[in-house]
Colleague: 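My structure is below; once you've seen it, I'll send some questions.
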Amino acid sequence: MRTFLLRLSALLLATSTAVAAANPSPDPALRQVFLDHASSQYGLPAAEVEAWLAKSEYRQSIVNAMSRPAEKVKPWRDYRPIFISDKRIRDGQAFLARHRDALAQVEADTGVPAEMIVAIIGVETSYGGNTGSYPVLDALYTLGFFYPVSGDPGQLEREAARGRFFRDELAQVMLLAKEEKLDLAALKGSYAGAMGYGQFMPSSYRAYARDGDGDGRRDLFGSLDDVFASIANYFVAHGWQAGEPVVALARADQGSDGFKPEGLEARYSLAELGEKGFRPAEALGHDHKATLVTLEGTEGTEHWFGFQNFYTITRYNRSPMYAMAVYQLSREIAAGSGAAAAP
């Protein structure tokens, strides 16, 4: 009997240890810093924040996803087919046709082309077909308090900053749920906490979402009118210029030294780019400032001039290939839907 009890005690201890390891508690000092921040920055009562923290769960799968070694960066020739496929084009054309009136109204109000809004939704969530399956509360809690640490001294500052970012997003999603009457415990999104048709982080949701259907709420999960208005507003807030071009194909002068600009801002005049060995493939009829985007396509190196509207798309996702995919998908959607494609 004594032997049995000893074994049972050892088993219970091992089980409790495993549970504790699987459900770690936040560092007490960091937890207090978060409580103070949520209260001072967003006016959230400590008891309310404590209650949500008690409902939050650490998820190892989220840490695994975030700490997974970065995949080899795909060249444009491999990246493009992921997002510009026959199916995604057809689905985008059908989506635009179904919601043409609502999208046309948003385009008239904001100057953001309907096909551009549809392309964002197509790239982000396959037109709402995949908006994420992770509990948003758990994702932000896990990344806020347990952001993976690589052990690389050179990454220490960045990793600490990422943890602060996700803790702030955690506080903001608690406030967002109150503001928009959302069931926080039921919200699902990406492993990083992005939500809805357009994959807005909580801070972007609070800052840029709009009530497109006039019901007094901003619902990026169930109201497409709100989704359309919000994506367009995000673009306008980040400098979208109605009726202006996004990109133009460029050619490199023979012997060009391969100019690589710092950043993606459209800061160079066409004359300056010409001095660096890059000129429009066709006459443009304007002298908008641009940056140079160089991609490796199926037929070799491609050079593009990216104007302010291209930079605006990169504010949604900072990858130039993402921005090019959204733009080219939007052109394909418009071409097959009878809409006039944005320049």
Colleague: Take L103 and V106, measure what side-chain contact (heavy atoms from CB on, under 4.5 Å) needs, and give me the verdict at the end.
Modeller: CA-CA 5 Å; L103 285 160; V106 171; 5.6 Å; no

Colleague: For S203, is there any backbone N or O sitting under 3.5 Å from a side-chain donor or acceptor partner on E169?
Modeller: yes

Colleague: Drop me the distance from Q328's CD to I333's CD1, to the nearest 0.5 angstrom.
Modeller: 12.0 Å

Colleague: Let me check something: do L35 and L30 share a hydrophobic cluster, defined by ILVMFWY side-chain heavy atoms less than 4.5 Å apart, either directly or through other members?
Modeller: yes

Colleague: Report yes or no: is the cationic atom of K276 (NZ for Lys, CZ for Arg) under 6.0 Å from the centre of the six-membered ring of F259, at an angle within 45° of the ring normal?
Modeller: yes

Colleague: Please determine which of Y208, Y316, F310 meets the ring-ring contact (aromatic ring centres under 6.0 Å, His included) test together with H238.
Modeller: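 Filter result, single survivor: Y208.
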
Colleague: Suppose we screen for side-chain contact (heavy atoms from CB on, under 4.5 Å). Which residues come up paired with S190, at least two apart in sequence or across chains?
Modeller: A192, A194, Q199

Colleague: Within the 4.5 Å heavy-atom criterion, are K188 and T131 side-chain neighbours or not?
Modeller: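 No, their side chains stay 4.5 Å or more apart.
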
Colleague: Can you tell me how far apart CE (M201) and CE (M195) are? Round to the nearest 0.5 Å.
Modeller: 7.5 Å

Colleague: Is the side chain of W240 donor-acceptor paired with the backbone N or O of G111 at a distance under 3.5 Å, no angle test?
Modeller: yes

Colleague: If I compare all heavy atoms of L176 with all of P202, which pair ends up nearest, and what's the gap?
Modeller: CD2-CA, 4.4 Å

Colleague: Side-chain atoms of residues 119-128: list all donor-acceptor pairs with protein atoms under 3.5 Å, sequence neighbours left out, distances to 0.1 Å.
Modeller:
unit_1: E124; atom_1: OE2; unit_2: Y322; atom_2: OH; d: 2.7
unit_1: T125; atom_1: OG1; unit_2: I121; atom_2: O; d: 3.2
unit_1: T125; atom_1: OG1; unit_2: G128; atom_2: N; d: 3.0
unit_1: T125; atom_1: OG1; unit_2: Y197; atom_2: O; d: 3.0
unit_1: S126; atom_1: OG; unit_2: R88; atom_2: NH1; d: 3.4
unit_1: Y127; atom_1: OH; unit_2: R88; atom_2: O; d: 2.7
unit_1: Y127; atom_1: OH; unit_2: G92; atom_2: N; d: 3.4

Colleague: Taking E159 for the side chain and S150 for the main chain, is one N or O donor matched with an acceptor at less than 3.5 Å?
Modeller: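 Side chain of E159 to backbone of S150: a pair is present.
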
Colleague: Only distances under 3.5 Å count here; give the side-chain donor-acceptor pairs of residues 277-284 to other protein atoms, sequence neighbours excluded, each with its distance to 0.1 Å.
Modeller:
unit_1: R279; atom_1: NE; unit_2: D253; atom_2: OD1; d: 3.2
unit_1: R279; atom_1: NE; unit_2: D253; atom_2: OD2; d: 3.1
unit_1: R279; atom_1: NH2; unit_2: D253; atom_2: OD2; d: 3.1
unit_1: R279; atom_1: NH2; unit_2: G274; atom_2: O; d: 3.3

Colleague: Before you tell me yes or no, could you show the steps for L182 and R217 under side-chain contact (heavy atoms from CB on, under 4.5 Å), namely the whole-Å CA-CA distance, both residues' side-chain angles and the distance that decides it to 0.1 Å?
Modeller: CA-CA 10 Å; L182 301 171; R217 297 176 61 236; 3.3 Å; yes

Colleague: To the nearest 0.5 Å, what is the distance between CE on M116 and OG1 on T110?
Modeller: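 Taking CE in M116 and OG1 in T110, the distance rounds to 11.5 Å.
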
Colleague: Side chains of F200 and I231, heavy atoms from C-beta outward: is any pair under 4.5 Å?
Modeller: yes

Colleague: Output the distance between atom OG (S319) and atom NZ (K74), rounded to the nearest 0.5 Å.
Modeller: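 Rounded to the nearest 0.5 Å, the OG-NZ separation comes to 12.5 Å.
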
Colleague: Looking only at heavy atoms, which two atoms of A139 and G193 are closest? And how far apart?
Modeller: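 Reported closest heavy-atom pair: CB-N, 4.1 Å.
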
Colleague: With distance as the sole criterion, is a donor-acceptor pair present between the side chains of E296 and T301 under 3.5 Å?
Modeller: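 E296 vs T301: donor-acceptor pair found between side chains.
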
Colleague: Thinking salt bridges, do R218 and E180 make one under a 4.0 Å N-O criterion?
Modeller: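 Result for this pair is yes, salt bridge flagged.
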
Colleague: Identify, with sequence neighbours excluded, every residue that meets side chain to side chain donor-acceptor pair (under 3.5 Å) alongside E179.
Modeller: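 In terms of side chain to side chain donor-acceptor pair (under 3.5 Å), with neighbours along the sequence ignored, E179 is linked to R206.
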
Colleague: List the residues meeting side chain to side chain donor-acceptor pair (under 3.5 Å) with R210, not counting sequence neighbours, and say none if there are none.
Modeller: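 Applying side chain to side chain donor-acceptor pair (under 3.5 Å) to R210 gives none.
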
Colleague: Work out which heavy atom in D226 is nearest to a heavy atom in D219; give both atom names and the distance.
Modeller: OD2-N, 2.8 Å

Colleague: Could you list the residues that satisfy side chain to side chain donor-acceptor pair (under 3.5 Å) with N130, not counting sequence neighbours?
Modeller: none

Colleague: Hydrophobic clustering (ILVMFWY, side-chain heavy atoms < 4.5 Å, transitive) - are L292 and M324 grouped together?
Modeller: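 No, M324 does not connect to L292 through the hydrophobic network.
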
Colleague: Quick one: list whatever passes ring-ring contact (aromatic ring centres under 6.0 Å, His included) with F145, sequence neighbours left out.
Modeller: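 Result, ring-ring contact (aromatic ring centres under 6.0 Å, His included) vs F145: F34, Y141.
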
Colleague: Answer yes or no: is there an ion pair linking K87 with D91, defined by an N-O contact shorter than 4.0 Å?
Modeller: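 D91 and K87: salt-bridged.
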
Colleague: Mind checking what makes side chain to side chain donor-acceptor pair (under 3.5 Å) contact with S85, not counting sequence neighbours?
Modeller: none

Colleague: How about D101 and Q105: does a side-chain donor come under 3.5 Å of a side-chain acceptor?
Modeller: no

Colleague: Restricting to ring-ring contact (aromatic ring centres under 6.0 Å, His included), what partner residues turn up for F307, sequence neighbours left out?
Modeller: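 Only H286 meet the ring-ring contact (aromatic ring centres under 6.0 Å, His included) criterion with F307.
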
Colleague: With R31, which residues qualify under salt bridge (Lys or Arg N to Asp or Glu O under 4.0 Å), at least two apart?
Modeller: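 Checked R31 against salt bridge (Lys or Arg N to Asp or Glu O under 4.0 Å); matches are E50.
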
Colleague: Treating S256 as the side-chain partner and A252 as the backbone partner, does any N or O pair qualify as donor plus acceptor under 3.5 Å?
Modeller: no

Colleague: With side-chain contact (heavy atoms from CB on, under 4.5 Å) as the test, would you mind laying out the steps for S223 and D213 before giving the verdict?
Modeller: CA-CA 8 Å; S223 170; D213 58 17; 2.8 Å; yes

Colleague: side-chain contact (heavy atoms from CB on, under 4.5 Å) between L170 and L53: does it pass, once the steps are laid out?
Modeller: CA-CA 10 Å; L170 176 60; L53 289 179; 4.2 Å; yes

Colleague: Do the side chains of W304 and T294 get nearer than 4.5 Å, heavy atoms only?
Modeller: no

Colleague: With sequence neighbours excluded, what pairs up with Y134 under the ring-ring contact (aromatic ring centres under 6.0 Å, His included) test?
Modeller: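 Per chain and number, Y134 pairs via ring-ring contact (aromatic ring centres under 6.0 Å, His included) with no residue.
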
Colleague: Between S40 and D36, is there a donor-acceptor pair closer than 3.5 Å when you use the side chain of the first and the backbone of the second?
Modeller: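 Answer holds: yes.
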
Colleague: Once you round to the nearest 0.5 Å, how far does CG of D86 lie from CD of E332?
Modeller: 9.0 Å

Colleague: Which pair of non-hydrogen atoms, one from A171 and one from Y42, has the smallest distance, and what is that distance?
Modeller: CB-CD1, 3.8 Å

Colleague: Measure the CD-CG distance between Q32 and D27 for me, rounded to the nearest 0.5 Å.
Modeller: 11.0 Å

Colleague: Side-chain heavy atoms nearer than 4.5 Å, only ILVMFWY residues, links allowed to pass through others: does that put L143 and V33 together?
Modeller: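 Not linked; separate clusters.
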
Colleague: Just by modelled atom types, is the A114 backbone N or O under 3.5 Å from a matching donor or acceptor in the E107 side chain?
Modeller: yes

Colleague: Taking a hydrophobic cluster as the set of Ile, Leu, Val, Met, Phe, Trp and Tyr residues connected by side-chain heavy atoms closer than 4.5 Å, whether directly or through intermediates, do I89 and I117 fall within one such cluster?
Modeller: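 Linked, I89 and I117 end up in one cluster.
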
Colleague: Holding to ring-ring contact (aromatic ring centres under 6.0 Å, His included), I want the full list of residues that pass it with Y311, two or more places apart in sequence or in another chain.
Modeller: none

Colleague: Measure from the side-chain N and O atoms of R167 to the backbone N and O of G144, and report whether any donor-acceptor pair falls under 3.5 Å.
Modeller: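 Checking the backbone N and O of G144 against the side chain of R167, a donor-acceptor pair under 3.5 Å is found.
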
Colleague: For the residue pair F166 and M66, what are the closest heavy atoms and their distance?
Modeller: CZ-CE, 4.0 Å

Colleague: Looking only at non-hydrogen atoms, find the nearest pair between E262 and Y268 and report the distance.
Modeller: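 Heavy atoms of E262 and Y268 come nearest at N-OH, 4.3 Å.
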
Colleague: Between K178 and E48, does any side-chain N to carboxylate O distance fall below 4.0 Å?
Modeller: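 Salt bridge flag = yes for E48 with K178.
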
Colleague: Take H288 and F305 through the test ring pair (Phe, Tyr, Trp, His ring centres under 6.0 Å) and record every step on the way to the result.
Modeller: CA-CA 10 Å; H288 297 312; F305 289 158; over 10 Å; no

Colleague: Group every Ile, Leu, Val, Met, Phe, Trp and Tyr by side-chain heavy-atom contacts under 4.5 Å, then state whether Y147 and L156 land in the same group.
Modeller: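 The answer is no; the residues belong to distinct hydrophobic clusters.
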
